[in-house]
Amino acid sequence: MMDETQTLQTAQPTMVQTLQTERLLLRPLSLDDVDAYHAVYGDARTWEHLPSGRHTSRDESERAIRASIDSRRVYGFAHCAVLLREPLGELPAGVFLGSAGAKMLDFEAWNLGYRFAPQAWGHGFATEAAAIALATAQATRPDTPVTARVLGNNAGSIRVLERIGLELQWHGRSARLGGTEDDHPSTPGGTTHLERVIFADRVLDDETLDAVIALG
């Protein structure tokens with residue numbers, strides 16, 4: 001029996017700090033990154049497949065970074081700032097390329113994601129960053145599935161997920177859950193009417209898969 005003077009200690013996860021690949025440095029996002037982060041997330045070109053997702057204010061980007069900081073404290077890993085380690089063409093060393101990592105969902109599953117500035121496109125950075133983010137999420141919480149959701153018309157992101165070893169779990173429109181598509185008309189900013197593709201690093205149980213589908 002625990003003595004009254006004893007207190008329960010909650011084990012804190014080991015927080016992942018800096019990650020490196022051959023060309024990239026991934027480090028925790030901080031509030032110092034707000035402007036660079038917003039330059040990427042507020043750029044309409046980076047939301048070609050989902051225009052409603054674009055950050056329309058600096059405050060929105062700051063809130064996203066604060067959420068990432070909080071998530072890292074709780075789960076040990078989150079989205080990271082992605083920097084270039086060495087100069088590449090017109091891209092200088094240290095330039096903020098975008099972000100990549102994994103977010104813990106409201107249920108026991110990671111959601112892998114990334115977004116890069118247009119000037120960083122075409123160099124394979126997404127695959128490189130997504131691969132190390134996947135490995136880190138798996139190492140941080142081995143029993144937690146790593147999922148990824150992408151719009152069905154985003155062929156480039158689908159290829160990235162296939163290259164890093166994730167497997168297709170589902171494709172369709174989440175509006176079909178609980179009714180026909182006509183029962184779930186599109187709303188401004190809504191995504192459940194759009195065709196989605198869901199990947200994961202393992203076969204998902206029905207409850208988890210349904211929860212991921214319902215995210216839209």
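- With values rounded to the nearest 0.5 angstrom, Leu31 atom CG is found 11.5 Å from Ser61 atom OG.
- Shortest non-hydrogen contact noted between Ser30 and Ile69 is CA-CD1, 4.2 Å.
- Under the side-chain hydrogen bond (donor to acceptor under 3.5 Å, both in side chains) criterion, Asn153 pairs with no residue, sequence neighbours left out.
- Within the model, atoms CG of Asp59 and CD of Glu62 stand 6.0 Å from one another, a figure rounded to the nearest 0.5 Å.
- Residues Val160 and Ala130 approach most closely at CG1-CB, 4.1 Å, considering heavy atoms.
- For Asp43, the side chain to side chain contact (heavy atoms under 4.5 Å, CB included) test picks out Arg45, Thr46, Pro118, with sequence neighbours left out.
- Checked by atom type and distance alone, the side chain of Asp201 pairs as donor or acceptor with a backbone atom of Val146 at under 3.5 Å.
- Among pairs with a residue in residues 125-150, those fulfilling ring pair (Phe, Tyr, Trp, His ring centres under 6.0 Å) read His123-Phe125, at least two apart in sequence or across chains.
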Tabulate below the donor-acceptor pairs under 3.5 Å that side-chain atoms of residues 77-94 make, not counting sequence neighbours, or state none.
unit_1 : atom_1 : unit_2 : atom_2 : d
Arg85  : NH1    : Gln20  : OE1    : 3.4
Arg85  : NH1    : Thr21  : O      : 2.6
Arg85  : NH2    : Gln20  : OE1    : 3.2

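- For Ala36, the side chain to side chain contact (heavy atoms under 4.5 Å, CB included) partners at least two apart in sequence or on another chain are Phe96.
- In terms of modelled atom types and a separation under 3.5 Å, the side chain of Gln169 and the main chain of Glu167 share a donor-acceptor contact.
- Contacts of His38 classified as ring-ring contact (aromatic ring centres under 6.0 Å, His included), with partners at least two apart in sequence or in another chain: none.
- For Asn154, the side chain to side chain contact (heavy atoms under 4.5 Å, CB included) partners are His49, Val150, Ser157, not counting sequence neighbours.
- Counting only heavy atoms from C-beta outward, the side chains of Glu195 and His171 approach each other to under 4.5 Å.
- Atom CG of Leu112 is separated from atom CD of Gln138 by 9.5 Å, given to the nearest 0.5 angstrom.
- Checking side-chain atoms of Trp47 against main-chain N and O of Ser52 turns up no donor-acceptor pair under 3.5 Å.
- The side-chain heavy atoms of Leu215 and Phe107, taken from C-beta on, include a pair separated by under 4.5 Å.
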Run the side-chain contact (heavy atoms from CB on, under 4.5 Å) check on Trp110 and Leu105 step by step: do they pass? CA-CA 6 Å; Trp110 292 107; Leu105 297 170; over 6 Å; no
Show your reasoning for whether side-chain contact (heavy atoms from CB on, under 4.5 Å) applies to Leu151 and Leu50. CA-CA 8 Å; Leu151 289 171; Leu50 187 63; 3.8 Å; yes
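- Applying the salt bridge (charged side-chain N to carboxylate O under 4.0 Å, His left out) test to residues at least two apart or on different chains, the pairs with a partner in residues 100-123 are Glu108-Arg141.
- The shortest distance between side-chain heavy atoms of Ile158 and Phe199 falls below 4.5 Å.
- Using a distance-only test at 3.5 Å, with no hydrogens or angles considered, no donor-acceptor pair links the side chain of Arg196 to the main chain of Arg173.
- Taken to the nearest 0.5 Å, the CG atom of Leu29 stands 5.0 Å off from the CD1 atom of Ile65.
- Every pair passing salt bridge (charged side-chain N to carboxylate O under 4.0 Å, His left out) that includes a residue from residues 117-139 is listed here, sequence neighbours excluded: Arg23-Glu128.
- Using a 4.5 Å heavy-atom cutoff, the side chains of Leu26 and Thr136 are not in contact.
- Between Val40 and Phe116 there is no side-chain heavy-atom pair separated by less than 4.5 Å.
- Once rounded to the nearest 0.5 Å, the distance linking CG of Leu19 with CG of Leu24 reads 10.5 Å.
- Tyr114 is linked by a ring-ring contact (aromatic ring centres under 6.0 Å, His included) to nothing, counting only residues two or more places apart in sequence or in another chain.
- For the atom pair CG (Asp206) and CD1 (Ile213), the distance works out to 9.0 Å, reported to the nearest 0.5 Å.
- Considering only heavy atoms from C-beta on, Leu161 stays 4.5 Å or farther from Arg163 through its side chain.
- Between Ala109 and Thr208, the closest heavy-atom pair is CB-CG2, 4.3 Å.
- Residues satisfying the side-chain hydrogen bond (donor to acceptor under 3.5 Å, both in side chains) criterion with Arg27, sequence neighbours excluded, are Asp33.
- Heavy atoms from other residues, nucleotides or ligands lying under 6.0 Å from CD of Glu162 number more than 12.
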List the steps, then state whether side-chain contact (heavy atoms from CB on, under 4.5 Å) holds for Thr56 with Arg54. CA-CA 6 Å; Thr56 58; Arg54 184 175 71 87; 4.1 Å; yes
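- Listed by chain and number, the residues in a side-chain hydrogen bond (donor to acceptor under 3.5 Å, both in side chains) with Asp35 are Arg58 (sequence neighbours excluded).
- Between the side chain of Arg202 and the backbone N or O of Thr144 there is at least one donor-acceptor pair closer than 3.5 Å.
- For the pair Tyr75 and Thr140, the minimum side-chain heavy-atom distance is 4.5 Å or more.
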